[in-house]
Colleague: 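Have a look at the structure that comes next, please.
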Amino acid sequence: MKKITLIAIYSLLITALLLACGCSGDDNPTSQSSNNIKLSSPTQIGSASVGASGGVLTVNLPGNDLNNTIIEVPPGALPESRQFDVSYSKIETHTFGSKFNPITPMLKIRNGGGYSEKTMNLAIPIKLPAGHFAMAFLYNEKTGKLEGMPVIALSSTQIKVATRHFSTSSVTAESSFLIKNLPTPLGSDDGANIVVCSIDSALLNSQGVLSTGYKPGIDDWEFYNFGSYISPGGHCAGQSISSMWYFYEKKLKGNAALNHRYDKVSGTDGGFWYDNPRGYKFASSVQEALAWDGKLFKMFEEIETDVARHHLSWKAFAFSMYLTGEPQFVGLTSDSGGHAIVAYKMSLGTGELYVADPNFPGKERIINYTGNHFKPYGTMQNANEVDKTSYSGIGYYAKTSMIDWNVIGNLWKDFENETIGTKGNKPFPAYKILYNDGKNTPFDKGLITDSRKVPLKITWANGTNNNDLAFCIYDDSGNQLLPDTSKSYGLVINDTLFAKEGKNTYGLLVMGKVNGKFRWLDFKWIDVTCNSTVKSPYISSTTPQTGKTGDVIKLQGSNFGASKGSVMFNTTEADIVSWTDTEIQVKIPVGVAGTVSIKVVIYTKDGKLESNAYSFTMGATILAKLQKMKGVNCGIIVKIIYGDGFSDYTSALGGSPEVATSKITWSGSSFSLNYSYKSYPGGIVDYVDYSGNISGSVSADGNKLISCTFLQEHTSYSLYKTKFYYKEGGTISDVALSSDGYNSIEYVLKGAQAQNHASGLIYEYAAWDENNKELWRKTLKEVKWDNNEASVNVFFW
């Protein structure tokens, strides 16, 4: 065995020995529990010790294909001196098919196991075929699976990858490697199997769409990345990584999908997202345990987010999905910080990377790739932010190479034991919700009471009562009860719940103030049994069942009481005509339309009591008004924020005819209109040719626009023989219509919600000079719906 002196690194003189040997055999062979790859007997090629000050280990075997294999260990990566052992085996057979094209033997590296505190780099000599792309893959001999590693650099003779461990088979949720202190200590010595594979770039580019089975709305968390008390800036990495972990370690092993599995009320699009306390604490705890905002993000910045290495990440995403069929972790960087998302699908033909973003749960989002770089991706660091950040740093972060997979597995044990968020270096602090009856009876474990009044207050567990804690209360359908939504104030420190008779289930949302802002602290479902003899009012029916503004209707039911209370149409109070214990006559108030919710409110010795919410339809008055309106024209404006590949533009797509003779033809609840005309605006514009069409239908009662498709083209001719051409169109569907009571009926929706109602949008803008030579042409490439200025406006007049 020949001793060699290794390289000095980071201005420190490192003396480490790598022992080259040609003997066959391995003192500690690892048993293979998967036959996906069959290996020859290993050949050891080196061994050396590296201390906490780091070092560079180089294999010195002239004539061997693995000569100049280099392991770089930075100072502080290892807490103590570790022994590195390097060996290799030839790949004799495998079951991965033609997709698997190894260009190196299977390299095995041992260093005692566990994760390092800093990124270690591994450079492997290769002979890359012309026109090929290469990646290094970890091979888990226990599961038989391959996993990509982040590519730092690639040439025809060498590939350099990043990793934080050399312990493949211990990286599993079922590992016996227990973590007592974070970060994970070193100590599991089963080694990492690493092989470099290549693929013809033309073959990779020809794959069309690569899908992994992971889908937003099914495999991501249903809650938003608003952050929590222990992770106030957001838990994007914890939310993304934990959903990937669940997909790999649970769903692919037969468990149910993650989305809405652990909550009670399945709210959507800004609705009831609070009630998955274990999931929310799990995401925050993963964020903090992995130190994404500290060391993990710093390590990621050092890998491959800059534009010069985007082509490596794009191909790494594609090759990994092609070979493994699994979703991959994406890291984003900008001048203001980082963000973490999941890549689950690619369209290689159109240059689209489909991602699940925790700021937009359940939504399909896309990062575009053009030329050899990603276009900046717009999102927020957390869902509380209004303005987007443009992330130009985009990189492939793989899976367990950089992420301490065992940390997540051990936190999952706390999740299953319902102790998540109570342990570790940054637990969620304890608090108390008290029944404020003078005895401070604990409320968070349920309550049995004879009173409809349930006064509550919140304190820290040590009894401190201050403004850093607050709460809201909801019914079991997710409707807010406290604080009163008709009032202007938000969270409360103390307030009174008015319970219904019998057994009730209430949702308790607790918020704690961090850095001057309230963040999610906990959510609990609590049972309250009320034995009060005072009964809540109940609406059983209305006569008639539909009506219009100003009509008098009867509410039939029980427990209305002898004294007048209030009747609410949504949040608008109605005028009372008469009141008895079983029947109330009211006048339908101004300003309500469509389907409304009616509630009866009474006032007793126990306080205010509300009835059930009774659904009432305003009838077919809107359709009738539409068909009788003078002129009856239909207009559509879609204000879009879009990019054409070069810059961003704001434009309004108009489907609005400008002449009174263009009148809609109605056939029942369907309508259509075709028009063409010239206009002469004056000035330097000679004339404008307009043509277009609008068609669609509304619901039978006129309360909803089912769909409306429009197309408008116009060419503007100037006195200087130049001309400009516009083409605008699209389809608007499933929108509510309301009347202002005068001369128009319209619908307006801004921001990301408008995306759900607009499709097939067309926008084209071109210009020609006096010689009829086309000067430029711009077409719609993408609509930036997350810009709050984007809007849909449908109107009839």
Colleague: For Thr464, which residues count as a side chain to side chain contact (heavy atoms under 4.5 Å, CB included) partner, sequence neighbours excluded?
Modeller: Trp460, Asn462, Asn466
Colleague: Which residue pairs pass the salt bridge (charged side-chain N to carboxylate O under 4.0 Å, His left out) test with at least one member in residues 452-477, sequence neighbours excluded?
Modeller: Arg452-Glu501
Colleague: Looking at residues at least two apart in the chain, or sitting in another chain, which of them share a salt bridge (charged side-chain N to carboxylate O under 4.0 Å, His left out) with Asp522?
Modeller: Lys281
Colleague: Go through the structure and list residues passing side-chain hydrogen bond (donor to acceptor under 3.5 Å, both in side chains) with Thr422, not counting sequence neighbours.
Modeller: none
Colleague: According to salt bridge (charged side-chain N to carboxylate O under 4.0 Å, His left out), who are the partners of Lys388, at least two apart in sequence or on a separate chain?
Modeller: Asp786
Colleague: Enumerate the residue pairs fulfilling salt bridge (charged side-chain N to carboxylate O under 4.0 Å, His left out) with a member in residues 233-245, sequence neighbours excluded, ordered by first and then second residue.
Modeller: none
Colleague: Parallel, tilted or perpendicular: which one describes the rings of Trp221 and Phe223, with boundaries at 30° and 60°?
Modeller: parallel
Colleague: Assign the ring pair Tyr214 / Tyr344 to parallel, tilted or perpendicular, where the plane angle (0 to 90°) is split at 30° and 60°.
Modeller: tilted
Colleague: Just to verify, what does Lys345 make a side chain to side chain contact (heavy atoms under 4.5 Å, CB included) with, not counting sequence neighbours?
Modeller: Val209, Ser211, Tyr354, Glu364
Colleague: Holding to side chain to side chain contact (heavy atoms under 4.5 Å, CB included), I want the full list of residues that pass it with Lys517, two or more places apart in sequence or in another chain.
Modeller: Arg519
Colleague: Considering residues at least two apart in sequence or located in another chain, which fulfil the salt bridge (charged side-chain N to carboxylate O under 4.0 Å, His left out) criterion with Lys500?
Modeller: none
Colleague: Side chain to side chain contact (heavy atoms under 4.5 Å, CB included) with Val601: which residues, sequence neighbours excluded?
Modeller: Ser566, Met568, Tyr603, Lys608, Glu610
Colleague: Salt bridge (charged side-chain N to carboxylate O under 4.0 Å, His left out) with Lys423: which residues, sequence neighbours excluded?
Modeller: Asp414
Colleague: Only counting residues at least two apart or in another chain, list the ones meeting ring pair (Phe, Tyr, Trp, His ring centres under 6.0 Å) with Phe282.
Modeller: Trp412, Phe415
Colleague: Regarding Asp275 and Tyr474, do their side chains bring together a donor and an acceptor under 3.5 Å, going by distance alone?
Modeller: no
